Amino acid sequence: MPAPNLPNIPHHLPIDLDSFGFVLREKDINGNTVKNRCGRDFLYYSLNFLFPQEFSPVAQYPKLIEEKNIFGYRLPSYLIWTGLSFKKVPRLLSNHNLEIRINSVLINSYFDFAYSLFSSKKYSFADAITTIKSRVDAGKIVGIDMAVNLSGLADHVMFVYGYDDENLYVFDTHQAHGITYSKVTAPNDQRFIMKLPFSIIEEKWKMYWNRIWEINPR
């Protein structure tokens, strides 16, 4: 059930927000937020939604998943763009009878993943929002991957929880810089449930790297 301090979100996934496995992005040894882990965090939220006993803040959580190389190779932030940190994801999902598609491209290997990032079919803004809404309405996992800076060379993936007439509502693990979204949970609430206006998505969708991530049963 939605927490009392949240706005009314008329369309959303069947998630109990009080028991869902929200996590915070970890800090480095200098106390700075670790960068470029949004894809990892999206996959964690997706797996927590489907397998909360196996993937949770007390079982396998993002930092531990990375330390154990469960999704792929453990890489410094500046090499995440290579996609090698997700090399094991297709097999991991297959072992759970799942598949992942990015902009409709079925990801069976690391090479499929690289292709989907750099050469895949692109959605228009209207088609992207229509697809996201239909996924939420069907109770299925979808992530929105938005360009962040003006060059479109940096992007950020977020787990979509729901939508209303003007916004998406997404789960994050911190408040990422470069995205005009706002935290709808209270300031002292460690759940980063964010309101992302359609107007901001449309503005960013003019840039190059914008994608939709979907996880489905095989």
Side-chain angles (χ1 to χ4, degrees), residues 12-13 15 20-21 23 25 36-51 55 62 65-66 70-72 80-94 96-148 152-163 168-173 176 179 181 192-194 196 198 200-201 204-205 207-218:
H12 57 80
L13 294 178
I15 290 175
F20 189 76
V23 292
R25 179 70 61 83
N36 298 343
R37 298 298 192 277
C38 57
R40 179 202 68 181
D41 294 350
F42 163 77
L43 290 167
Y44 161 76
Y45 277 148
S46 300
L47 291 167
N48 175 256
F49 175 61
L50 295 170
F51 308 107
F55 295 90
I65 286 168
E66 184 171 315
I70 290 172
F71 289 166
I80 296 296
W81 67 269
T82 64
L84 289 169
S85 57
F86 305 118
K87 189 174 189 299
K88 299 179 182 179
V89 166
R91 177 171 292 182
L92 171 69
L93 294 179
S94 179
H96 287 79
N97 295 312
L98 299 170
E99 66 176 28
I100 182 170
R101 293 177 181 267
I102 300 178
N103 276 10
S104 297
V105 175
L106 178 62
I107 309 301
N108 287 315
S109 68
Y110 165 71
F111 297 102
D112 291 339
F113 189 90
Y115 174 80
S116 75
L117 295 184
F118 297 108
S119 304
S120 65
K121 163 191 171 183
K122 300 297 184 292
Y123 281 92
S124 69
F125 165 74
D127 287 345
I129 295 302
T130 297
T131 298
I132 290 169
K133 287 180 175 180
S134 67
R135 298 283 299 180
V136 170
D137 291 343
K140 296 182 178 179
I141 293 169
V142 62
I144 183 168
D145 187 356
M146 283 176 49
V148 174
L153 296 178
D155 60 296
H156 189 68
V157 190
M158 295 158 282
F159 180 97
V160 178
Y161 167 63
Y163 68 91
L168 291 183
Y169 292 86
V170 299
F171 293 170
D172 215 328
T173 56
I179 300 180
Y181 62 171
F192 277 84
I193 304 175
M194 315 297 291
L196 177 62
F198 291 142
I200 297 300
I201 300 171
K204 294 292 187 180
W205 217 257
M207 302 176 186
Y208 179 66
W209 282 357
N210 291 286
R211 296 179 284 265
I212 294 174
W213 297 42
E214 303 172 72
I215 294 179
N216 299 302
R218 292 185 68 87

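Just so it is clear, the model here is predicted, and its values are computed rather than measured.
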For the residue pair Val170 and Phe159, establish whether any side-chain heavy-atom pair is separated by less than 4.5 Å.
no
Measure the CD1-CZ distance between Ile193 and Phe171 for me, rounded to the nearest 0.5 Å.
5.0 Å
With sequence neighbours excluded, residues passing side chain to side chain donor-acceptor pair (under 3.5 Å) with Asn108:
none
Test item: Leu93 and Ile107 side chains (from C-beta on) under 4.5 Å apart, heavy atoms
no
Contacts of Tyr181 meeting ring-ring contact (aromatic ring centres under 6.0 Å, His included) (sequence neighbours excluded), chain-then-number -> none
His156 NE2 to Asn36 CG distance, which is reported to the nearest 0.5 Å
10.0 Å
Flag, side chain of Trp205 to backbone of Ala126, donor-acceptor distance under 3.5 Å:
no
Tabulate below the donor-acceptor pairs under 3.5 Å that side-chain atoms of residues 39-46 make, not counting sequence neighbours, or state none.
unit_1 : atom_1 : unit_2 : atom_2 : d
Arg40  : NH1    : Glu26  : OE2    : 2.8
Arg40  : NH1    : Glu66  : OE1    : 2.8
Arg40  : NH2    : Glu26  : OE1    : 2.9
Arg40  : NH2    : Glu26  : OE2    : 3.4
Asp41  : OD2    : Arg25  : NE     : 2.8
Asp41  : OD2    : Arg25  : NH2    : 3.1
Asp41  : OD2    : Thr173 : OG1    : 2.6
Tyr44  : OH     : Gly21  : O      : 2.7
Tyr45  : OH     : Val23  : N      : 3.3
Tyr45  : OH     : Val23  : O      : 3.4
Tyr45  : OH     : Asp172 : O      : 3.1
Ser46  : OG     : Phe42  : O      : 2.9

Can you tell me how far CG of Leu50 sits from CG of Asn97, rounded to the nearest 0.5 angstrom?
11.5 Å
What's the separation between atom CD1 in Ile144 and atom CD1 in Ile201, rounded to the nearest 0.5 Å?
4.0 Å
List for me each residue that meets side-chain contact (heavy atoms from CB on, under 4.5 Å) alongside Ser109, sequence neighbours excluded, and say none if there are none.
Phe111, Asp112
Step by step, work out the side-chain contact (heavy atoms from CB on, under 4.5 Å) result for Ile179 and Met194.
CA-CA 11 Å; Ile179 300 180; Met194 315 297 291; over 6 Å; no
Here the side-chain hydrogen bond (donor to acceptor under 3.5 Å, both in side chains) pairs for residues 127-140, sequence neighbours left out, are Ser124-Asp127, Arg135-Glu214, Arg135-Asn216, Asp137-Tyr163
By side-chain contact (heavy atoms from CB on, under 4.5 Å), Asp145 pairs with (sequence neighbours left out) Asp155, Val157, Arg211, Trp213
Please examine the side chains of Ile65 and Leu47, heavy atoms only from C-beta on, and report whether any two atoms are closer than 4.5 Å.
no
Mind checking ring-ring contact (aromatic ring centres under 6.0 Å, His included) for Phe51 and listing every partner two or more places apart, or none if nothing turns up?
His96
Are Ile70 and Lys88 close enough that some pair of their side-chain heavy atoms sits under 4.5 Å apart?
no
For Ile102 and Phe113, what are the C-alpha separation, side-chain angles and deciding distance, and is it a side-chain contact (heavy atoms from CB on, under 4.5 Å)?
CA-CA 8 Å; Ile102 300 178; Phe113 189 90; 3.6 Å; yes
Which residues satisfy the side chain to side chain donor-acceptor pair (under 3.5 Å) test with Arg101, sequence neighbours excluded?
Glu99
What are the two closest non-hydrogen atoms of Tyr123 and Ser104, and how far apart are they?
OH-OG, 2.7 Å
All heavy atoms of Val160 vs all of Val136, minimum pair found to be CG1-CG2, 3.8 Å
To the nearest 0.5 Å, tell me how far Lys87 NZ sits from Tyr110 OH.
9.0 Å
Looking at Phe55, is its backbone amide N or carbonyl O close enough to the side chain of Asn48 to form a donor-acceptor pair, meaning the two atoms are under 3.5 Å apart?
yes
Test Lys122 against Asn210 for side-chain contact (heavy atoms from CB on, under 4.5 Å), laying out the working first.
CA-CA 8 Å; Lys122 300 297 184 292; Asn210 291 286; over 6 Å; no
